[in-house]
J.: 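Dumping the structure here so I can ask a few things about it.
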Amino acid sequence: MAKKIIHVDMDCFYAAVAVRDNPELAGKPVAVGGAKDRRGVIATCNYEARAYGVRSAMATAQALKLCPHLILAKGDMNLYKSISQQVRAIFQQYTDKIEPLSLDEAYLDVSDCQAFNGSATLIAQAIREEIYQQTQLTASAGVAPNKFIAKIASDENKPNGICVVPPDKVTDFVAALPLRKIPGVGKVTAKKLANMGLETTADVRVFSQKELIDRFGKFAYALIERSHGIDDRELCLHRDRKSIGVEHTLAQDIFSEREIQQVIEPLFDELCKRIDAKKQSKHIKKQVLKLKFNDFQSTTIEKTVSELKKSHFMALLQAVLSRQKGRSIRLVGLSVGLTDSDITEQQLSFSF
Amino acid sequence: MKFAISREDILKPLQLATGTVERRHTLPILSNVLLDINDGVLSITGTDLEVELIASVELVQASEDGRITVPAKKLFDICKGLNDSALIEFNLMDNKLVIKSGRSKYSLSTLAAKDFPNLEEWQSEINFAISQKSLRGLIDKTSFAMAVQDVRYYLNGMSLETQDQTIRCVTTDGHRLALSQTQLENESLDESQVIIPRKGVTEILRLIDDSEDNIYVSVGSNHIRLTSDNFTFTSKLVDGRFPDYRRVLPKDGDKTVTGEKDYLKQAFSRAAILSNEKFRGVRLNLISNELTITANNPEQEVAEEVVDVNYTGDDLEIGFNVAYILDVLNALQSDEVKITLGDANSSALIEDNKDDSAVYVVMPMRL
């Protein structure tokens, strides 16, 4: 029997919270993000702001160019977390099979839920209603036989909408979907696909599978499956943390190795604090240094390590500088990759 | 080409040569052995381009010289399947090797001998003789610690060093290191160090036995050759820099434990049963004259073993991969083992208490 998956997505979550708590903002373009003079970026914006072309992850400076009267609200992570927990508690009334994607998004598998005679549509409606009652925030939902369709569906009737794709309508739903909508197809992949004449799922379905596989490897299988509306992935109920990182967009671009070292110093302390807080210091398997240049290109370099050391980052920095090519640096990030959380045993190696 | 030989005379050299032939090869001639009759001597050659083995046997019966290659496995299976005392006649006719023995007759396909790959010419720079027993001992004590398909390709083999009277073998996979050495009387060898690839090492172990018979070793810059009365074995060397074992041998270990090897081996083997199957970690707790070994697994099962040892240092807790410890205990010869430790993050030096012909270094695990 087909599964019943609901994808619940809070409508412009951070911005909606800001408007809820400051009613005078209602109806005005509002965004949450960092200040322009600190080179911040937009985290979320409401639909009034989107009308001006403001998007999340856009530099605040650019957003203000598009929409000069944009109201910039400050984020409040703790508040978002507590609302997210509230919403999760609502999900738990219906199922334990919950895969949170972020604070404002989750998949639910309600295949085994008996409420409303097992109608996933009615469950989704009840969840949206309950979220609004408890938080005065709206959520949109997609209901479908798999994660991929559910996720796209939740976007169909946003905001405050629902879209149901029953199993017999999946084929119609993916008949000619732009490939950009498939999770995993970003700007770059979409462009590569377009260069091959592939714009929609219909194009992929009739294209040579072999050629796709040669070109994209494992990803080709996912692409072909999704183009047929197939997605067998189960919900990930226990997501292991794979990395811990800190990064800092600099108030001013820097250029020299010395300057970057000075940024790394405090960042490293911050990283150590975070790793300690999450009790992960024994699970570190690699260190990653990230730089973003003033042309917004970023680069990362990593090293497998058995122990976290500042000197490793400094060595990585030396190695990565050959990629600088005269550009100045606007962001420095440090992170560590973690071993699977069930690995508590770690073999040490010789240092030859 | 024409010759006759008894089954028992051809079987051993044929088996040796066939052993180096890879089962599945892209180049058809590499599944063949080269048969070469020259002046009453039959030489059988097998190769995989990395190693080459030539086994020779003198023919008692009259023969006609010639060279040809035939499928190794089929030839071996045919000869092996004949009666113990059978006399086998070989005759090359129209590109087929016809094999006759009693009422059995086989016709094998052939490929031209001129297409059979030869190792390039090379010069040996170091030459010495060593008893098969000594060489076998050197390799037996260390081969288990060779890396397997490591990206650091130079670890997938065995370092062989000569220095004056000393022959030294070193292997390491990055987590543990094994070193064995022996002295050759009446030799004064130049200093040299080469890496024999893994396949070469396992082949050598297959070829040599525990006898006092000498084997002659020649080492060039890219090849090593072992010559005995029955065979000539040549292996290419790994081109790379082997890590310096002197940098790995721990120097500041101040905690010395000695104990009965067999008791320790048994205790570790039992504790290993309940160690994590993937990571194989066991915890060692040392207090005065007592070693406690504990292991547990994801199913929350727990093993604890207490062993009497000689130890007077500070208390210490340290973790190890139990498989690495057992490999070492299995390679040690004498009854008493000595373990020298520093702290929980430093390597352990393990050796025979009375014999310094082999030492082992094992890095700990963080548990």
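Computed from a predicted model, the values in this text were never measured in an experiment. What's counted below: heavy atoms across the whole structure, side chains too, no hydrogens, waters or symmetry copies. We name chains A, B, ... by the order of the sequence lines, and we start the count at 1 in each one.
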J.: Shortest non-hydrogen contact from B:M363 to A:S349?
T.: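 In this case the closest contact between B:M363 and A:S349 is CE-O, 3.2 Å.
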
J.: Locate the shortest heavy-atom distance separating A:L348 from B:H175; write the atom from each residue and the value.
T.: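 Of all heavy-atom pairs spanning A:L348 and B:H175, the closest is O-ND1, 3.4 Å.
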
J.: Compare every heavy atom of B:V248 with every heavy atom of A:F350, then report the nearest pair and how far apart it is.
T.: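 Here A:F350 and B:V248 meet closest at CE2-CG1, 3.3 Å.
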
J.: So for B:D173, is it side chain, backbone, both, or neither that comes closer than 4.5 Å to the heavy atoms of chain A?
T.: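 Neither part.
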
J.: Look at atom CG of A:D276 and say whether more than 12 heavy atoms of other residues, nucleotides or ligands are closer to it than 6.0 Å.
T.: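 Result for CG/A:D276: enclosed.
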
J.: More than 12 non-hydrogen atoms from neighbouring residues, nucleotides or ligands closer than 6.0 Å to CD on B:E301, yes or no?
T.: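 Check passes, neighbour count above 12.
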
J.: Please check if atom NZ in B:K251 has more than 12 non-hydrogen atoms from other residues, nucleotides or ligands closer than 6.0 Å.
T.: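 Enclosed.
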
J.: Name all residues meeting the side-chain hydrogen bond (donor to acceptor under 3.5 Å, both in side chains) criterion together with B:R246; count only those two or more places apart in sequence or in a different chain, and write none if there are none.
T.: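 B:R246 satisfies side-chain hydrogen bond (donor to acceptor under 3.5 Å, both in side chains) with B:D244 once adjacent residues are dropped.
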
J.: With only heavy atoms counted, which part of B:F320 is less than 4.5 Å from chain A, the side chain, the backbone, both or neither?
T.: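 No part of B:F320 comes within 4.5 Å of chain A.
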
J.: Tell me if the OH atom of A:Y221 is crowded by more than 12 foreign heavy atoms within 6.0 Å.
T.: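 No, because the 6.0 Å sphere around OH of A:Y221 holds 12 heavy atoms or fewer from other groups.
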
J.: Is the side chain of A:Q347 donor-acceptor paired with the backbone N or O of B:F279 at a distance under 3.5 Å, no angle test?
T.: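 Not a single qualifying donor-acceptor pair exists.
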
